[in-house]
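Let me begin by presenting the structure, written as structure tokens, before commenting on it.
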Amino acid sequence: CLIDNGYGSVSSAPLGLIMLLSSPCAVVVPRLANGMGERKVFVLASALGVAGSLVQMAGTMVFREHGSAAQLALILAGASVQGFTYASSNNLRFAVARFSP
């Protein structure tokens, strides 16, 4: 999508932003899980992941003109909230190990 719309040079920026923001979130997620409970944190992370995907989809559907700065901004905004989702899903393996027999 980004390459087709003239953003080939920054086509990996959304994934890079997710990786960059998942690092600090990897510290926050266990602390939230201890305070709020693991289930609530994972539900919150899932909701943020869906919201981020919807923002990215809106960016590609609403701003269809090639090279739109608004399109890139919405794609990056959607990716930014998915950093928390990525960090939470990486911590999911610890929750599974804790509850498995």
Side-chain angles (χ1 to χ4, degrees):
C1 173
L2 288 175
I3 294 172
D4 295 337
N5 289 323
Y7 289 112
S9 62
V10 294
S11 62
S12 62
L15 184 58
L17 190 59
I18 291 171
M19 294 298 128
L20 178 70
L21 295 176
S22 69
S23 297
C25 288
V27 175
V28 173
V29 167
R31 291 182 183 182
L32 283 176
N34 286 336
M36 294 174 46
E38 292 174 354
R39 181 173 291 178
K40 289 180 182 178
V41 172
F42 292 129
V43 169
L44 174 65
S46 299
L48 285 175
V50 169
S53 296
L54 291 174
V55 169
Q56 289 178 319
M57 184 180 72
T60 58
M61 301 288 284
V62 173
F63 301 103
R64 291 183 177 255
E65 62 268 4
H66 293 292
S68 170
Q71 180 185 42
L72 181 62
L74 283 176
I75 289 172
L76 292 176
S80 67
V81 298
Q82 290 176 342
F84 183 82
T85 303
Y86 185 78
S88 179
S89 65
N90 280 336
N91 285 328
L92 185 61
R93 64 177 182 244
F94 300 118
V96 170
R98 180 177 168 196
F99 293 114
S100 64

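Note that the structure is a prediction, hence the values are computed from the model and not measured.
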Approximate separation, where rounding is to 0.5 Å, of S23 OG and I18 CD1: 12.0 Å
Between CE on residue M57 and OG1 on residue T60, distance to nearest 0.5 Å: 7.5 Å
Residues 46-55 side chain polar contacts: donor-acceptor under 3.5 Å, at least two apart:
residue : atom : partner : partner atom : Å
S46     : OG   : F42     : O            : 2.9
S53     : OG   : G49     : O            : 3.0
S53     : OG   : Q82     : NE2          : 3.0

Nearest-0.5 Å distance, CG of residue L44 to OG1 of residue T85: 8.0 Å
Transitive ILVMFWY side-chain link L17 to L72, under 4.5 Å: yes
side-chain contact (heavy atoms from CB on, under 4.5 Å) involving L32 - partner list, sequence neighbours excluded: V28, M36, V41, F84
Considering all heavy atoms, the nearest A87-A26 contact: CB-N, 3.7 Å
Same cluster (ILVMFWY, side-chain, under 4.5 Å), L15 and L20: no
Least distance between heavy atoms, Q56 atom then P14 atom: NE2-CB, 4.4 Å
